[in-house]
Amino acid sequence: MSNQKAQEDYLRETKALMKEKLISHGVAVTDSTPFRAYVNSIDLAVANATASMEPDEEVEALREKIRLILSSETPDTLELTAEDFAGVDIVRRYAMYSHPSLTSVEIHSNVLSIDPNAFYGCKKLETVILPRKVKLQANCFGNCTGLKRVYLPSAPTVHDAPNLINNNAFPDATTCPDLRFILPSQESQAVYLNLMSSTWGNLIEGRYQILDEVTET
């Protein structure tokens, strides 16, 4: 195997590790010395692996997100895009617990489950975009009192809609009065209204809008 090929393979594996650690461990344990040491070692490994290669934008983006999470000076805003979750099938519990700057999250279609308390207490979180069929565990977005919009996916049948394991996945209307669940179309409305009488309980009753009717504020 050529040295270039070995570096490329190592780099690909390192990218996957960085993504896994970034999402699976998150800020809840960033104060732990082992976690910081691990991330620093991965960061250094990437630098060494890419020393004789062209700059890699994906690696730099991942390193920057890790630097933001580990920074003692928390950024004003942090946005997680679907790409940040690529290759992740479960967002582990406490992954981004009480992150003080997280403002938006778009979950990748690869993600099968968001564990309990994964995003609990993210007070600045305003926007969540969900894929089909993801399982939303208890309090995964609990106490996110700044939430304004949760974009639900197109769901031809109830089996395509996000599976709300516990209707405490999101704050109730009392603690989060501005929250609206955005339905993608009139066609999906019947599916979600049907879910209100089953797994979704009364969570979205009186708290939903059709996407076409949404006005940006």
Side-chain angles (χ1 to χ4, degrees), residues 23 26-29 74-82 85 90-108 111-155 157-217:
I23 300 300
V27 296
V29 292
T74 306
D76 291 335
T77 60
L78 177 64
E79 299 179 355
L80 292 178
T81 66
F85 294 91
I90 298 175
V91 181
R92 302 292 181 185
R93 64 177 64 221
Y94 304 115
M96 301 299 287
Y97 184 91
S98 291
H99 194 288
S101 304
L102 186 64
T103 57
S104 68
V105 173
E106 180 179 1
I107 304 297
H108 196 284
V111 176
L112 303 176
S113 177
I114 303 177
D115 277 358
N117 300 305
F119 296 94
Y120 185 93
C122 293
K123 303 288 189 179
K124 282 192 175 181
L125 183 61
E126 294 186 355
T127 304
V128 174
I129 302 175
L130 295 173
R132 290 184 181 182
K133 299 183 180 181
V134 63
K135 292 182 179 180
L136 305 175
Q137 309 278 4
N139 282 311
C140 58
F141 291 98
N143 204 30
C144 294
T145 53
L147 268 175
K148 293 182 178 178
R149 290 176 181 170
V150 174
Y151 288 85
L152 301 173
S154 174
T157 72
V158 294
H159 302 293
D160 296 304
N163 185 355
L164 193 68
I165 298 300
N166 187 300
N167 63 14
N168 290 326
F170 295 97
D172 61 26
T174 302
T175 57
C176 197
D178 295 331
L179 173 57
R180 294 294 179 269
F181 293 88
I182 310 303
L183 278 55
S185 64
Q186 290 284 356
E187 289 73 22
S188 289
Q189 183 174 1
V191 171
Y192 285 104
L193 292 181
N194 182 42
L195 286 169
M196 284 199 308
S197 63
S198 55
T199 57
W200 284 71
N202 61 358
L203 183 65
I204 66 173
E205 187 172 7
R207 305 172 77 192
Y208 69 87
Q209 291 176 273
I210 307 299
L211 182 59
D212 292 343
E213 302 171 354
V214 174
T215 56
E216 296 297 329
T217 57

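Reckoned from all heavy atoms, side chains included, excluding hydrogens, waters and symmetry mates. Worth saying up front: this structure is predicted, and the values here are computed from it rather than measured.
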Query raised in the report: Do Val150 and Ile182 pass the side-chain contact (heavy atoms from CB on, under 4.5 Å) test, and can you show the C-alpha distance, the side-chain angles, and the key distance before you say yes or no?
Result: CA-CA 6 Å; Val150 174; Ile182 310 303; over 6 Å; no
Requested in this report: Kindly indicate whether the side chain of Ile114, heavy atoms from C-beta on, has any atom under 4.5 Å from the side chain of Phe141.
Outcome: yes
Query raised in the report: Can you find a heavy atom in the side chain of Val111 that is under 4.5 Å from one in the side chain of Val91?
Result: yes
**Report entry** Nearest heavy atoms of Pro171 and Leu147, plus distance in Å
**Finding:**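 Taking Pro171 first and Leu147 second, the nearest heavy atoms are CD-CD1, 4.1 Å.
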Query raised in the report: For atom NZ of Lys133, is the number of surrounding heavy atoms from other residues, nucleotides or ligands below 6.0 Å larger than 12?
Result: no
Report task. Run the ring-centre check on Phe181 versus Phe170 and record whether the distance is less than 6.0 Å. Result -> yes
Query raised in the report: Are side-chain heavy atoms of Pro162 and Tyr192 found at a separation under 4.5 Å?
Result: yes
Query raised in the report: With side chains defined as the heavy atoms from C-beta onward, is the minimum distance between Leu211 and Leu183 less than 4.5 Å?
Result: no
**Report entry** Steps toward side-chain contact (heavy atoms from CB on, under 4.5 Å) verdict (Ile107, Ile129)
**Finding:** CA-CA 6 Å; Ile107 304 297; Ile129 302 175; over 6 Å; no
Requested in this report: Decide yes or no for Ile210 and Gln189: does some side-chain heavy atom of the first lie under 4.5 Å from some side-chain heavy atom of the second?
Outcome: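 Ile210 vs Gln189: side chains touch.
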Query raised in the report: Please walk me through it: do Arg207 and Leu179 pass side-chain contact (heavy atoms from CB on, under 4.5 Å)?
Result: CA-CA 7 Å; Arg207 305 172 77 192; Leu179 173 57; 3.4 Å; yes
Query raised in the report: Looking only at side chains, do Tyr151 and Glu106 share a donor and an acceptor under 3.5 Å apart?
Result: no
Query - side-chain contact (heavy atoms from CB on, under 4.5 Å), paired with Lys135, selected from Leu112, Ile90, Asn163 - result: Asn163
Requested in this report: Would you name the heavy atoms of Gln137 and Ser113 that are closest together and state the gap between them?
Outcome: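 Closest heavy-atom pair between Gln137 and Ser113: NE2-OG, 3.2 Å.
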Query raised in the report: Can you tell me how far CE of Met96 sits from CG of Leu78, rounded to the nearest 0.5 angstrom?
Result: 5.0 Å
**Report entry** Verdict with reasoning, Glu126 to Ser104, per side chain to side chain donor-acceptor pair (under 3.5 Å)
**Finding:** CA-CA 6 Å; Glu126 294 186 355; Ser104 68; over 6 Å; no
**Report entry** Full working for side-chain contact (heavy atoms from CB on, under 4.5 Å) between Leu203 and Leu164
**Finding:** CA-CA 10 Å; Leu203 183 65; Leu164 193 68; 3.7 Å; yes
Query raised in the report: Should Leu125 and Thr127 count as side-chain neighbours, where that means a heavy-atom distance under 4.5 Å?
Result: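 Side-chain contact under 4.5 Å: no.
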Report task. Locate the shortest heavy-atom distance separating Cys140 from Leu136; write the atom from each residue and the value. Result ->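 Distance-wise, the nearest heavy atoms are SG-CB, 3.9 Å.
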Query - Flag side-chain contact, heavy atom, 4.5 Å: Asn194 against Val158 - result: yes
Query raised in the report: Between Ser188 and Ala155, is there a donor-acceptor pair closer than 3.5 Å when you use the side chain of the first and the backbone of the second?
Result: yes
Requested in this report: Measure the CG-OH distance between Asn143 and Tyr120 for me, rounded to the nearest 0.5 Å.
Outcome: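 Answer for the CG-OH pair, Asn143 versus Tyr120, is 4.0 Å.
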Requested in this report: Return yes if some donor-acceptor pair links the side-chain N/O of His99 with the main-chain N/O of Leu102 below 3.5 Å, else return no.
Outcome: yes
Query raised in the report: Does the side chain of Ser154 reach to within under 4.5 Å of the side chain of Asp160, using non-hydrogen atoms?
Result: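 Result no, sub-4.5 Å side-chain heavy-atom pair not found.
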Query raised in the report: If you measure from CZ on Arg149 to CG on Asp178, what distance do you get to the nearest 0.5 Å?
Result: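 The CG atom of Asp178 is 10.5 Å from CZ of Arg149, to the nearest 0.5 Å.
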Query raised in the report: What heavy-atom pair brings Leu130 and Leu152 nearest, and what distance separates the two atoms?
Result: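 Here Leu130 and Leu152 meet closest at CD1-CD2, 4.0 Å.
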